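Just so it is clear, the model here is predicted, and its values are computed rather than measured.
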Amino acid sequence: MMKLILQVFFYSLISGVFLSCAIPNELYLLGCPIISFIAIIPYYLAIKKSPSYKVAFWCGFIQAITTHLISSYWLAFFKDYAIFTLGGSALATGLFGGYFGILAFLPYALNYKNKLSYFQSKKKFYQTISFKILYFCVIYVCYEYVKSSGFLGYPWGTISSTMYNFPIFMQIASITGTYGITFLTVFANLLLVEFYIYYTKKNNLEGSQKKSIFNDIKNPAITFLILFSLSMLYGVFQYYEKRNPVKSIRTLMVQHNLDPWNSMNDESNILKLQALTKQALFNNTEEKPQLIVWSEGALLRTFPGHMGMYNSFPEESPLIPFIQETGIPLITGGSYSEMISKSDGKSFTRYFNSTLLFNEQGELKGHYAKIHLVPFAELIPGIENPIVFKLLNKIANFSSGWTPGKQLTYFNIKANSLINSNKAYVRNINIDLPPLADNEAYVKISTPICFDDAFTDTMRPLYLNGSEVFYNVSDDSWSLTKSSEYQHFVIASYRAIEYRTTLVRTTNAGYTVVVDPAGKILGDLPLFEASTLIYDVPVFERKLTTYAIFGNWLPVVCIIFFFLVSITSVFSFSKTDFIKSEKHQKNKNLKSKK
């Protein structure tokens, strides 16, 4: 028994290692899809061979935490918060994995006969190979959905993040989101191992048994081939479809590459950003940019309170006069605060991790507050309690926290109209905006911040309420690793595919990039280098995709399937079966003792 337990634990460990090798890493910067098509096989075998729910829990725990620790090891570089970012997230991920390991084990717990029961021709549906393949795929989709959603959501370490080098396959995200990719990839894993098991043991079967088992595997194989073929046909059509933009925004993206922990202060930060901006504008011999974008956290003082200070700061080149000199609107990362008055007469201040829009006159026109904050780093539950605050301050030198934003905010930016009449494409524009020339149009952009672009529960409302382009600002430079930058990029690139819109990412050190509605890279900057990119960002006519309309419908279907299976299996699993199961388990225990 102990040998079996060690074996299944080893299988789970190997699965975690394989999946980590498939996810973008220092060797395969954009991931390795081929490995992902075999990475789940050891974990599936571990669940199949587990002798109990307890062992299945630890199999799930080991697979999940191994994947997390190897693929997201760079979380340890989040300065004093590593105990939360790596340690806390690893533990939470492991527990999620363990719980779903128990759920994945359910069909095997219902089998009470010896190993040859796997090859019995007469079985209940929940004992068939077809059902077990479908059920495991469903459970794995549910697992990735739960770990990627809500306050504790962490969409890293997922199967979909391995697929950037298989872009045709990625295209089904506009129908199913990333979970259709997870479902089909796990499906492929399970078919491979089930056919292997069948061919290694078919000589021990009688003719009728052999035919029955083969058909039991053949049916899901046919289903997979149909689904995968349809996905490929759809992917080819979407990936190579010629899309004509209706507008474009000539955008200057500035990547200043400063270490946020050690070398960054407000003055040096602004001066470097200004120098890079001036250099880019000076070297630009074509049309003047219509928008300048700086990264998350570029300004360290809080607005609007310090607005006046920036008229004369930095002393060498004050910020507001600099914006006026360029004559170009600026979107930059910064912080925003608001005073809240309580009913008892007292007041307190809320701080928001924000993007700020300055117009060409240097006036602050609006801000967007980051909605999905990093749990236990930017937002810690109970931080308002003095006892909790003092404890966390001792553990991780936690001095303050952000408040999550609640409002969907959009910025209207003047752009080029690429069609004869721009009237049909001017949407939801405020009355007080300046009039347009014949060749101009307004573009309604949203500015999700860093972690925001990994979550559909943030990005989908932004798109559904009118966003024409996603302009993300990020700062992952603290990670010091290429794998971190590319993992974030790959996860964010799905948002462009899901909504068939353009995604622009402007970062401190990478990955600064422009992505089209098929997920293709249109323009980018090298990682960890101070540089600039001027690009005519294409804006396409808004069309609602299946995913935009229905959201995460596939995980919902999987959850419903699980509950239906749970209910029906309880009723179909007779009292006699339970008695036989108990007797069989006792016999196995006696044999193992002998």
Side-chain angles (χ1 to χ4, degrees), residues 249-301 303 310-335 354-362 364 411 413 445 447 449-450 471-480 482 485 488-489 503-515 521-537:
I249 310 177
R250 190 164 181 78
T251 305
L252 167 57
M253 291 154 270
V254 183
Q255 178 177 289
H256 56 301
N257 190 34
L258 283 178
D259 187 338
W261 299 135
N262 300 319
S263 60
M264 220 166 67
N265 62 68
D266 209 17
E267 182 176 13
S268 62
N269 210 32
I270 295 171
L271 290 176
K272 186 167 185 179
L273 284 162
Q274 288 179 346
L276 288 166
T277 302
K278 286 180 181 178
Q279 183 181 19
L281 293 175
F282 178 79
N283 293 334
N284 176 45
T285 57
E286 300 177 5
E287 183 183 347
K288 182 180 178 181
Q290 294 155 312
L291 179 65
I292 299 171
V293 184
W294 292 352
S295 71
E296 177 189 19
L299 303 181
L300 302 184
R301 301 294 205 289
F303 286 82
Y310 282 104
N311 283 301
S312 57
F313 179 86
E315 185 177 348
E316 182 181 329
S317 177
L319 176 65
I320 303 303
F322 170 79
I323 298 172
Q324 294 169 342
E325 181 185 343
T326 65
I328 303 171
L330 169 69
I331 290 177
T332 179
S335 62
S354 301
T355 50
L356 311 167
L357 172 64
F358 296 89
N359 66 10
E360 53 267 37
Q361 286 81 41
L364 180 62
F411 301 139
I413 306 296
I445 72 171
T447 56
I449 300 172
C450 198
Y471 271 82
N472 172 263
V473 296
S474 292
D475 182 4
D476 295 332
S477 58
W478 52 266
S479 71
L480 308 176
K482 293 180 179 179
E485 314 302 323
H488 194 167
F489 158 69
L503 168 69
V504 181
R505 302 187 74 242
T506 302
T507 69
N508 179 333
Y511 185 33
T512 297
V513 63
V514 180
V515 183
I521 296 172
L522 300 178
D524 63 350
L525 292 176
L527 269 60
F528 298 105
E529 291 184 19
S531 189
T532 58
L533 173 66
I534 296 178
Y535 198 88
D536 290 315
V537 176

For this session: Check side chain to side chain donor-acceptor pair (under 3.5 Å) between S312 and all other residues, then give those that pass, not counting sequence neighbours.
Result: none
For this session: Decide yes or no on side chain to side chain donor-acceptor pair (under 3.5 Å) for T507 and T512, but give the supporting numbers first.
Result: CA-CA 5 Å; T507 69; T512 297; 2.9 Å; yes
Exercise. Given the rule in the side chain to side chain donor-acceptor pair (under 3.5 Å) test, do Q255 and S295 qualify, once you have shown the distances and angles that lead to the verdict?
Worked result: CA-CA 7 Å; Q255 178 177 289; S295 71; over 6 Å; no
For this session: List in chain and number order the residues that pass side chain to side chain contact (heavy atoms under 4.5 Å, CB included) with Q279, two or more places apart in sequence or in another chain; answer none if no residue qualifies.
Result: L276, N283
Exercise. Can you tell if the side chain of F313 reaches within under 4.5 Å of the side chain of E267, non-hydrogen atoms only?
Worked result: yes
Exercise. If we only count heavy atoms from C-beta on, is the S477 to L258 side-chain gap below 4.5 Å?
Worked result: no
For this session: For side-chain contact (heavy atoms from CB on, under 4.5 Å), just list the numbers for L271 and S317, CA-CA rounded to whole Å, side-chain angles, deciding distance to a tenth of an Å, and then say yes or no.
Result: CA-CA 7 Å; L271 290 176; S317 177; 4.1 Å; yes
For this session: Just do the side-chain contact (heavy atoms from CB on, under 4.5 Å) check on I445 and I249 with the steps written out, would you?
Result: CA-CA 10 Å; I445 72 171; I249 310 177; 4.1 Å; yes
Exercise. Does the side-chain contact (heavy atoms from CB on, under 4.5 Å) test come out yes or no for I292 and T326, once each step is laid out?
Worked result: CA-CA 10 Å; I292 299 171; T326 65; 4.3 Å; yes
For this session: Calculate, to the nearest 0.5 Å, the distance between atoms CD and CD1 belonging to E360 and I323 respectively.
Result: 11.0 Å
Exercise. Do the side chains of L281 and I328 get nearer than 4.5 Å, heavy atoms only?
Worked result: yes
For this session: Check T447, I413, L330 against L357 for a side-chain contact (heavy atoms from CB on, under 4.5 Å) and give me the one that passes.
Result: I413
Problem set entry | Spatial distance of atom OH (Y535) from atom CG (L522) [nearest 0.5 Å] | 4.0 Å
Exercise. Which atom names give the shortest non-hydrogen contact between L300 and S335, and what distance separates them?
Worked result: O-OG, 4.2 Å
For this session: State which residues pass side chain to side chain donor-acceptor pair (under 3.5 Å) with T277; sequence neighbours excluded, sorted by chain then number.
Result: W294
Exercise. So, S474 versus N472: side-chain donor-acceptor pair below 3.5 Å or not?
Worked result: yes
Problem set entry | ring pair (Phe, Tyr, Trp, His ring centres under 6.0 Å) against F303, all qualifying residues, sequence neighbours excluded | Y310, F358
For this session: For K482, look at atom NZ and say whether over 12 heavy atoms of other residues, nucleotides or ligands are found less than 6.0 Å away.
Result: no
For this session: Taking the side chain as every heavy atom from C-beta outward, state whether E296 and N508 have any pair of such atoms under 4.5 Å apart.
Result: no
For this session: Answer whether the closest heavy-atom distance between the side chains of D476 and C450 falls below 4.5 Å.
Result: yes
For this session: Mind listing the closest non-hydrogen atom pair of R250 and K288 along with its distance?
Result: CD-O, 3.8 Å
For this session: Measure the CG-OG1 distance between L273 and T532 for me, rounded to the nearest 0.5 Å.
Result: 11.5 Å
Problem set entry | Full working for side-chain contact (heavy atoms from CB on, under 4.5 Å) between N257 and F528 | CA-CA 6 Å; N257 190 34; F528 298 105; 4.1 Å; yes
Problem set entry | Sub-4.5 Å side-chain heavy-atom contact between D524 and F489 | no
For this session: Check side chain to side chain donor-acceptor pair (under 3.5 Å) between Q361 and all other residues, then give those that pass, not counting sequence neighbours.
Result: N359
Problem set entry | From E485 atom CD to R505 atom CZ, the distance as rounded to the nearest 0.5 Å | 8.0 Å
Exercise. Any donor and acceptor pair, going by atom type alone, linking the side chain of N284 with main-chain N or O of E287 inside 3.5 Å?
Worked result: yes
For this session: Check the side chains of T355 and Y471 for a donor-acceptor pair under 3.5 angstrom, ignoring hydrogens and angles.
Result: no
Exercise. At their closest point, which heavy atom of A280 faces which heavy atom of I534, and how far apart are they?
Worked result: O-CD1, 3.9 Å
For this session: Could I get the full list of side chain to side chain donor-acceptor pair (under 3.5 Å) partners for N311, not counting sequence neighbours?
Result: none
Seminar exercise, completed: d(R301 CZ, I270 CD1) to nearest 0.5 Å is 8.0 Å
Problem set entry | Taking every non-hydrogen atom, the tightest pair across T332 and A298 | OG1-CB, 3.3 Å
For this session: To the nearest 0.5 Å, tell me how far L291 CG sits from M253 CE.
Result: 9.0 Å
